[in-house]
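Excluded from the calculations below are hydrogen atoms, water molecules and symmetry mates; all remaining heavy atoms, backbone and side chain alike, are included. Below, chain A is the first sequence line, B the second, and so on; all start at residue 1. The shown structure was predicted, so the numbers you read here are calculated from the model rather than taken from an experiment.
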4 protein chains.
Amino acid sequence: MPTPKAASSRTPDATRRSERSRRAIYDAALALVAEVGYARTTVEGIASRAGVGKQTIYRWWPSKSAVLLDAYLDLTGQAGPEAQAGPEAQAGLEAQAGPEGGEERDEPAEPAEPAGLPDTGDLAADLKAVLRATVDELDDPRFEAPTRALTAEGVIDPELGARFVERLLEPQLRLYVRRLAAARDAGLLRPDADLRVAVELLVGPLTHRWLMRTRPLTHAYADELVDHVLRGIAPR
Amino acid sequence: MPTPKAASSRTPDATRRSERSRRAIYDAALALVAEVGYARTTVEGIASRAGVGKQTIYRWWPSKSAVLLDAYLDLTGQAGPEAQAGPEAQAGLEAQAGPEGGEERDEPAEPAEPAGLPDTGDLAADLKAVLRATVDELDDPRFEAPTRALTAEGVIDPELGARFVERLLEPQLRLYVRRLAAARDAGLLRPDADLRVAVELLVGPLTHRWLMRTRPLTHAYADELVDHVLRGIAPR
Amino acid sequence: MPTPKAASSRTPDATRRSERSRRAIYDAALALVAEVGYARTTVEGIASRAGVGKQTIYRWWPSKSAVLLDAYLDLTGQAGPEAQAGPEAQAGLEAQAGPEGGEERDEPAEPAEPAGLPDTGDLAADLKAVLRATVDELDDPRFEAPTRALTAEGVIDPELGARFVERLLEPQLRLYVRRLAAARDAGLLRPDADLRVAVELLVGPLTHRWLMRTRPLTHAYADELVDHVLRGIAPR
Amino acid sequence: MPTPKAASSRTPDATRRSERSRRAIYDAALALVAEVGYARTTVEGIASRAGVGKQTIYRWWPSKSAVLLDAYLDLTGQAGPEAQAGPEAQAGLEAQAGPEGGEERDEPAEPAEPAGLPDTGDLAADLKAVLRATVDELDDPRFEAPTRALTAEGVIDPELGARFVERLLEPQLRLYVRRLAAARDAGLLRPDADLRVAVELLVGPLTHRWLMRTRPLTHAYADELVDHVLRGIAPR
DNA sequence: ACATAATCGAGACGGTACGTCAGGTCTTTTT
DNA sequence: AAAAAGACCTGACGTACCGTCTCGATTATGT
């Protein structure tokens with residue numbers, strides 16, 4: 001059902017791809033979403049603003065949302081090596097990133113792990129700093145529009161949602177888990193605490209407020225969440 | 001040409017409204033969203049499936065999402081008296097519900113407060129029961145499709161989101177708060193606990209998992225959340 | 001093979017049809033063909049020049065050539081009552097014209113029989129006058145462009161060709177035949193002469209020169225043809 | 001950017017041309033026109049069916065119709081030495097054919113004069129035989145499709161029409177004229193007869209019937225035309 | 001009981017965007 | 001240097017829906 005028809009033109013040759021066009025498409029897509037919103041952003045509009053043929057978009061992406069996702073990944077610097085892949089890669093949730101590497105790594109590589117959370121020793125302060133930064137980012141219109149658009153689209157389209165989660169959300173959550181694990185290993189947390197759930201208790205409510213707009217997103221709220229959660233997993 | 005156009009789309013007479021058509025439109029809208037998804041549900045499709053003229057929809061609702069919201073409210077039994085209001089009412093975030101009532105109530109009227117949370121005296125058990133029921137509901141395809149659709153739409157369209165929150169989400173959250181307040185007043189919770197935040201700590205993570213599909217939604221997860229949150233606001 | 005897919009929207013209601021739009025479409029089509037030629041005339045261009053939605057064209061005609069044919073019939077005044085018919089009428093070669101007429105005519109109605117050839121008693125002079133007029137018309141750019149376009153299209157598309165012949169060519173040829181028959185009955189022609197072939201001997205070479213542009217089309221040539229043909233069917 | 005562009009599409013070197021490709025292109029073009037018709041034959045389709053790059057077609061021909069014309073000339077054996085010329089040669093109506101030949105001919109070379117009409121002494125029989133053969137050829141689907149396509153295209157595009165006439169039609173008409181001239185010189189025709197017009201009286205009606213599909217093309221019709229025309233130019 | 005008026009089903013209309021096809025140019029690699 | 005391959009920009013295709021606008025044909029009162 002989701003895939004309505006077979007791909008018309010067969011798998012294009014990615015090595016011949018125009019880097020110029022890709023950049024222009026990303027820029028146009030992000031600009032349009034920020035300016036007129038996701039619903040009024042059209043593939044045609046992106047193409048024309050990017051000075052690109054519509055077909056050049058359809059050759060490489062299956063849909064408006066896929067374009068925007070890649071543009072957004074590029075914007076946030078998460079654009080991994082897989083970003084080059086053709087449309088078929090967008091369709092399925094590809095097993096794993098790079099097959100070419102034979103090198104052993106203890107970290108499971110995952111799509112482009114970002115920076116890493118600060119670790120000053122003061123867990124509460126570190127978490128608050130990160131959550132406050134998140135709050136600020138969600139207030140920045142440069143990020144807000146595409147993030148809302150992609151989140152909403154992912155809520156409805158499981159395919160896109162999976163890519164969104166895999167490429168953006170999960171890597172971030174893993175950073176939190178790792179920071180918490182460090183604290184736990186240092187004896188600062190209850191040893192049996194479920195760190196994954198703890199992270200979701202931080203991120204879930206924040207996201208909820210932002211998505212639903214039930215209450216203003218503030219630094220104070222971020223602090224409150226951290227305090228609450230740490231209270232729940234502090235050693236007895 | 002003859003009619004000066006001013007009267008064209010002007011405030012229809014709600015008393016003359018066809019109940020038959022409204023019901024048919026609700027049914028068609030929900031059925032279509034469940035069958036083909038929100039994006040492929042069209043006003044034209046709803047009209048034709050409901051055996052109704054397109055104009056009959058546009059006369060009473062400003063958009064597809066507004067139709068679906070009312071259909072959904074009707075489905076969940078939240079359909080308050082305001083549901084009859086004309087298009088202009090949908091546009092703005094109306095200040096408060098019914099102006100026509102002069103009757104005094106101690107409960108602040110709010111849009112159609114639902115049942116109320118169980119209160120067996122065992123707070124944890126009550127909360128778990130409710131959250132588990134929520135999990136089940138979110139698994140029921142009859143509810144899942146329109147809920148996702150409306151949530152996603154509300155994420156992007158603040159107008160619709162506000163209505164969604166006001167009519168559906170907030171009333172529910174208030175129930176939680178009230179149940180917690182009862183427990184606090186009974187000395188079962190820390191007196192200074194921020195109950196609103198506590199509720200969000202329950203609902204936020206659950207919603208997050210459901211929206212993002214990061215992990216399966218289970219009863220066990222619901223229980224874990226309750227345990228965690230109560231641990232955070234239990235009396236010292 | 002010719003009809004690639006079923007009609008998407010079912011047979012529109014001709015009574016609701018906008019006369020304004022039809023006229024505007026005819027005018028735009030003829031103007032464009034005259035200005036930029038048939039190949040560079042597009043449905044999109046006709047629609048936009050006519051101030052009309054594309055769908056309004058596709059609702060009533062199956063193709064650019066069908067539009068142009070009707071526009072041309074309208075221009076030449078051959079537009080019979082059948083011109084109102086929907087797309088399905090374009091597809092098949094409809095049986096016969098107008099059912100609504102109750103008036104008695106000795107001629108079997110046929111698609112809008114035009115004026116009738118002059119009959120001054122001098123057959124040669126009459127034929128020369130008519131052929132010369134034809135030569136002049138084929139030189140008039142107002143007629144030349146669409147006539148060439150429709151002829152060429154009819155050469156390739158048998159469906160359209162049939163309509164072109166039935167509505168335009170055959171009625172004219174019948175006029176010639178009738179004029180010749182009158183002369184034959186007056187004893188001015190060989191009684192066993194095949195008048196149909198005689199007519200084709202007049203019209204065929206003229207058309208040939210015009211289509212192929214082998215030699216200039218002149219009044220002298222028209223006269224020569226008449227002289228030649230009459231010599232062939234004059235009484236012994 | 002580096003290359004000044006002037007050299008991009010500039011006069012290719014005909015001596016390096018791939019004969020293999022040309023043949024393949026001709027075959028593909030004729031096959032496609034016969035199979036799917038002219039309108040649905042595309043340059044892209046020809047290229048891919050011929051196993052040839054698109055550019056190879058555009059390098060040597062200016063348009064689809066030009067390719068088809070050359071393919072058709074090749075098919076009918078009329079392909080003169082000029083067929084090798086580059087695009088610019090196609091554009092204008094080139095003055096004369098091949099300069100490279102040193103062989104002496106009394107006939108002024110003209111584009112590849114074909115066989116010549118039979119001359120058994122019986123003019124009527126000879127003409128009937130030839131016209132009947134033409135009727136048969138026009139019934140052969142191998143010839144019909146491209147002939148119709150080229151004729152129609154030539155009706156609209158004067159450039160192509162001129163080439164078509166010059167290379168195909170006129171040489172044939174000249175054969176008729178020559179045969180008639182022989183008969184006239186033998187005293188079998190009126191000495192002042194306009195032989196060119198006589199030929200057009202034979203070919204015009206036949207072509208007319210074929211193009212317009214007004215009546216079936218038969219041997220009987222061919223005979224009738226010959227009889228009629230000869231009656232018109234027989235000695236008094 | 002009836003005129004009057006508005007809703008209703010239907011669907012044509014001017015539009016916008018869709019996703020596809022092909023045209024003709026260009027670049028890259030191969031022969 | 002021509003050729004195969006095919007990406008690219010352009011522009012048109014024919015379709016789907018949008019939201020507005022008539023059209024009769026029911027209702028549905030409110031004097």
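- E:dT30 atom P lies 19 Å from atom CZ of D:Arg20, rounded to whole Å.
- The local environment of CZ in A:Arg20 is sparse, with at most 12 non-hydrogen atoms from other residues, nucleotides or ligands closer than 6.0 Å.
- A cation-pi geometry, defined here as NZ or CZ lying under 6.0 Å from the six-membered ring centre and within 45° of its normal, holds between D:Arg17 and D:Trp60.
- With rounding to whole Å, D:Ile57 atom CD1 is found 10 Å from F:dA4 atom P.
- B:Leu32 pairs by the side chain to side chain contact (heavy atoms under 4.5 Å, CB included) definition with B:Thr41, B:Ile46, B:Arg49, not counting sequence neighbours.
- Following rounding to the nearest Å, C:Ile46 (CD1) and E:dG15 (C1') show an atom-to-atom distance of 18 Å.
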Between the protein and nucleotides 8-13 of chain F, are there any N/O to N/O pairs under 3.5 Å, and if so, what are the atom names and distances?
{"unit_1": "F:dC8", "atom_1": "OP1", "unit_2": "A:Ser18", "atom_2": "N", "d": "2.6"}
{"unit_1": "F:dC8", "atom_1": "OP2", "unit_2": "A:Arg59", "atom_2": "NE", "d": "3.2"}
{"unit_1": "F:dC8", "atom_1": "OP2", "unit_2": "A:Trp60", "atom_2": "NE1", "d": "2.8"}
{"unit_1": "F:dC9", "atom_1": "OP1", "unit_2": "A:Ser21", "atom_2": "OG", "d": "3.3"}
{"unit_1": "F:dC9", "atom_1": "OP2", "unit_2": "A:Gly53", "atom_2": "N", "d": "3.1"}
{"unit_1": "F:dC9", "atom_1": "OP2", "unit_2": "A:Thr56", "atom_2": "OG1", "d": "2.6"}
{"unit_1": "F:dC13", "atom_1": "OP1", "unit_2": "C:Val43", "atom_2": "N", "d": "3.0"}
{"unit_1": "F:dC13", "atom_1": "OP2", "unit_2": "C:Val43", "atom_2": "N", "d": "3.4"}
{"unit_1": "F:dC13", "atom_1": "OP2", "unit_2": "C:Glu44", "atom_2": "N", "d": "3.0"}

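- With sequence neighbours excluded, no residue forms a salt bridge (Lys or Arg N to Asp or Glu O under 4.0 Å) with D:Lys64.
- Taking a cutoff of 4.0 Å between a charged side-chain nitrogen and a carboxylate oxygen, C:Arg163 and C:Asp70 qualify as a salt bridge.
- D:Trp61 is listed as a side-chain neighbour of D:Ile25, based on a closest heavy-atom distance under 4.5 Å.
- Between the CD1 atom of C:Ile25 and the P atom of E:dA12 there is a distance of 14 Å, given to the nearest Å.
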